[in-house]
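The block underneath contains the structure these notes are about, expressed in structure tokens.
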Number of protein chains: 2
Amino acid sequence: MPSTTRPGPAIRTLPEPAGLPEPLPEPAVEDLRLETVLGALSDPLRLTIVRKLLLESEAFDHTCGWFGLDRPKSSLTHHFKALREAGVTRQRQYGLERRSHVRVADLEARFPGLLALVAAWTPDES
Amino acid sequence: MPSTTRPGPAIRTLPEPAGLPEPLPEPAVEDLRLETVLGALSDPLRLTIVRKLLLESEAFDHTCGWFGLDRPKSSLTHHFKALREAGVTRQRQYGLERRSHVRVADLEARFPGLLALVAAWTPDES
DNA sequence: TGCTAAGTTCGATTCTGTTCGTACTGTGTC
DNA sequence: GACACAGTACGAACAGAATCGAACTTAGCA
């Protein structure tokens, strides 16, 4: 049992820099479910996204386009939404763009070590 | 890249106690894929199975029946097979019974910390 | 004002997984 | 030998997820 189970009524956001746009709807830290997060990460494309965010950025948010994924936009919307709704990423709307970053602190608090596995992952080289 | 990528033609089994029945077909350690393992673990019933194996046994193998799962046999066969084919569990045939245990060493070698998350998991209490 | 670009929404299709009934297989026992 | 029992195999029904085209929304800009 995580000791963070009872911080009262679901807090949705974390203290982050400042004056940023509101994050799009996402599960609160204490509502993160292992099975849901694992499900979101059980897809190579989404692993690619999260790993790229972990390794090649972490400065700050990135747009869909930044990833250079060769898929139609509607497919990307789908996957980014899946990641966000599982609680893996946080998305913010900056004008036209929707930028994402990994909820490192939240995930590390609830599932320590999980992100390290994602960072160490390599796509199937077959 | 895992450094264990080229031990020649896939070795299928590990040195275990002795004179045990051959394990049913399973992926070799170096063929374990994160996305596949996560997919296998993204199901509450299978998380229950693996967690129970980790916490309440680890002495040695257990039959399907031992888990006391309230599902038809054909469903259980399906889930146990999914776990085995993903490389999470190893199964051996003992006469009539098919017994399972978690491939702790293999998983720990490839995905360190993952099993700890499963052990810490609790079913949705809603 | 009207274009362009980022991304969404919707809906259709396809794929994959789950669930489970029924029939089957093989071992041990009386 | 015949029965019970653990578990599989097969196949159908269903559910949910992936994929993606097409039409839409909206901010910024010329």
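So that the names make sense, note that chain A is the first sequence line, chain B the second, and so on, each numbered from 1.
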Identify the pairs formed between an N or O of the protein and an N or O of nucleotides 16-19 of chain D at a distance under 3.5 Å, and give each distance.
residue : atom : partner  : partner atom : Å
dA18(D) : OP1  : Arg46(A) : NH1          : 3.0
dA18(D) : OP1  : Arg46(A) : NH2          : 2.9
dA18(D) : OP2  : His78(A) : NE2          : 2.6
dT19(D) : OP1  : Arg71(A) : NH1          : 3.4
dT19(D) : OP2  : His79(A) : NE2          : 2.5

* Set of side-chain hydrogen bond (donor to acceptor under 3.5 Å, both in side chains) partners for Glu108(A), sequence neighbours left out ->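 Result, side-chain hydrogen bond (donor to acceptor under 3.5 Å, both in side chains) vs Glu108(A): none returned.
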* Sequence-distant partners of Glu85(A), side-chain hydrogen bond (donor to acceptor under 3.5 Å, both in side chains), two or more places apart -> none
For atom [atom1] of [X] and atom [atom2] of [N], their distance in whole Å:
X        : N       : atom1 : atom2 : result
Phe80(B) : dA9(D)  : CZ    : C1'   : 17 Å
Glu97(A) : dG28(D) : CD    : P     : 10 Å
Lys73(A) : dG21(D) : NZ    : P     : 12 Å
Arg92(B) : dA6(D)  : CZ    : C1'   : 19 Å
Leu76(A) : dG21(D) : CG    : P     : 12 Å

* **Shortest non-hydrogen contact from Arg103(A) toward Gly87(A)** =>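 The answer is CD-O, 3.3 Å.
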* To do: Provide the closest heavy-atom pair for Ala40(A) versus Ala82(A) in the form atom of the first, atom of the second, distance.
  =>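 Shortest heavy-atom separation between Ala40(A) and Ala82(A) comes out as CB-O, 4.4 Å.
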* Asked: Does Arg110(B) use its side chain to pair, donor to acceptor, with the backbone of Leu32(B) at less than 3.5 Å?
  -> yes
[atom1]/[X] to [atom2]/[Y] distance, rounded to the nearest 0.5 angstrom?
X        : Y        : atom1 : atom2 : answer
His79(B) : Arg71(B) : NE2   : CZ    : 6.0 Å
Arg98(A) : Thr77(A) : CZ    : OG1   : 7.5 Å
Leu69(B) : Arg46(B) : CG    : CZ    : 12.5 Å
Phe80(A) : Ile49(A) : CZ    : CD1   : 4.0 Å

* Asked: Between Lys81(B) and Leu96(A), which is nearer to the 5' end of DNA chain D once each is assigned its nearest nucleotide?
  -> Lys81(B)
* Structure fact -> Parsed dot-bracket for DNA chain C after applying the Watson-Crick and G-U rules with both distances under 3.5 Å and | for other-strand partners is ||||||||||||||||||||||||||||||
* Asked: Where does the chain B footprint on DNA chain C start and end, counting 5' to 3' with a 4.0 Å heavy-atom cut-off?
  ->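 Range of nucleotides within reach of chain B: dT18(C) to dT27(C).
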* **With Arg33(A) via salt bridge (Lys or Arg N to Asp or Glu O under 4.0 Å) - residues at least two apart** =>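 Glu35(A).
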* Hey, any chance Val104(B) and Leu83(B) share a hydrophobic cluster, counting ILVMFWY side chains that come within less than 4.5 Å of each other, even indirectly? ->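 Same cluster: Val104(B) reaches Leu83(B) through Ile, Leu, Val, Met, Phe, Trp or Tyr contacts under 4.5 Å.
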